[in-house]
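Single-structure report; data block below.
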Amino acid sequence: MKKNDDMKETKQAVIEGVLEWAHLQPGKPNELSGKYQVDVCQLPAATVKELKGLGLEVQDGAKKGKPDKGFYVTPKATKAVAIVDSKKTKFEDAERIGNGTKAKVAIRAFPYNFKGKEGIGCGLQAIQILDLNEYSPAGMFAEEEGFVAEPTQTAFAIDPFEGDDVPK
């Protein structure tokens, strides 16, 4: 992070991008950071300029061997954040947010000084889902010819407590 002595206060912005690696489900922050976070990718040049003007470090996916990410930031929060749909209706299924979801993200740039390190942090405030790309673990498979599972019967279709071998 770049040190910015002129920045003494929190500054907010709303950015639009493509989400990747969303860790937003209440009670399930990212295991490594312990925070709620998401990569906001494919940021346009004007947004990159705005974020740099706030003192934020914007990552370049191409330099990290991930050109499809484009320019991106990873805002984080210590508490679960508000998520709404395009009509500002509360969206409670954060686990459904998959890579490729298009969204507006409210962030805040804030100065920090922690254990001798200074810089500008990128806080996560809220998310507005514009186009949901639903996460589905089975979604990465295509339908194939081959084995088809039989419908399962309801457990205990026959009463296990009826019959001659039940002790009396």
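The first residue of the sequence shown is numbered 1, and numbering continues consecutively from there.
- Checking T101 against N133 by side-chain atom types alone, no donor-acceptor pair falls below 3.5 Å.
- Hydrophobic clustering, with ILVMFWY side chains joined whenever heavy atoms are under 4.5 angstrom apart, groups I83 together with L19.
- H23 approaches P29 most closely through the heavy-atom pair CB-C, 4.4 Å.
- At least one side-chain heavy atom of I97 sits less than 4.5 Å from a side-chain heavy atom of F91.
- For the atom pair CD1 (I107) and NZ (K11), the distance works out to 12.0 Å, reported to the nearest 0.5 Å.
- At a threshold of 4.5 Å between side-chain heavy atoms, the hydrophobic network of Ile, Leu, Val, Met, Phe, Trp and Tyr places I120 and L54 in one connected group.
- Side-chain atoms of D93 do not come within 3.5 Å of backbone N or O of R96 as any donor-acceptor pair.
- Counting heavy atoms from C-beta on, the side chains of L124 and K76 never come closer than 4.5 Å.
- Between T78 and K35, the closest heavy-atom pair is CG2-CE, 4.2 Å.
- With contacts defined as side-chain heavy-atom distances shorter than 4.5 Å, the pair N113/E118 qualifies.
- Transitive grouping of hydrophobic side chains (ILVMFWY, heavy atoms separated by less than 4.5 Å) brings V48 and V38 into a common cluster.
- Taken together through direct or relayed side-chain contacts under 4.5 Å among Ile, Leu, Val, Met, Phe, Trp and Tyr, I129 and V73 form part of one hydrophobic cluster.
- When hydrophobic clusters are built by joining Ile, Leu, Val, Met, Phe, Trp and Tyr residues whose side-chain heavy atoms come closer than 4.5 Å, directly or via intermediates, V84 is not grouped with V40.
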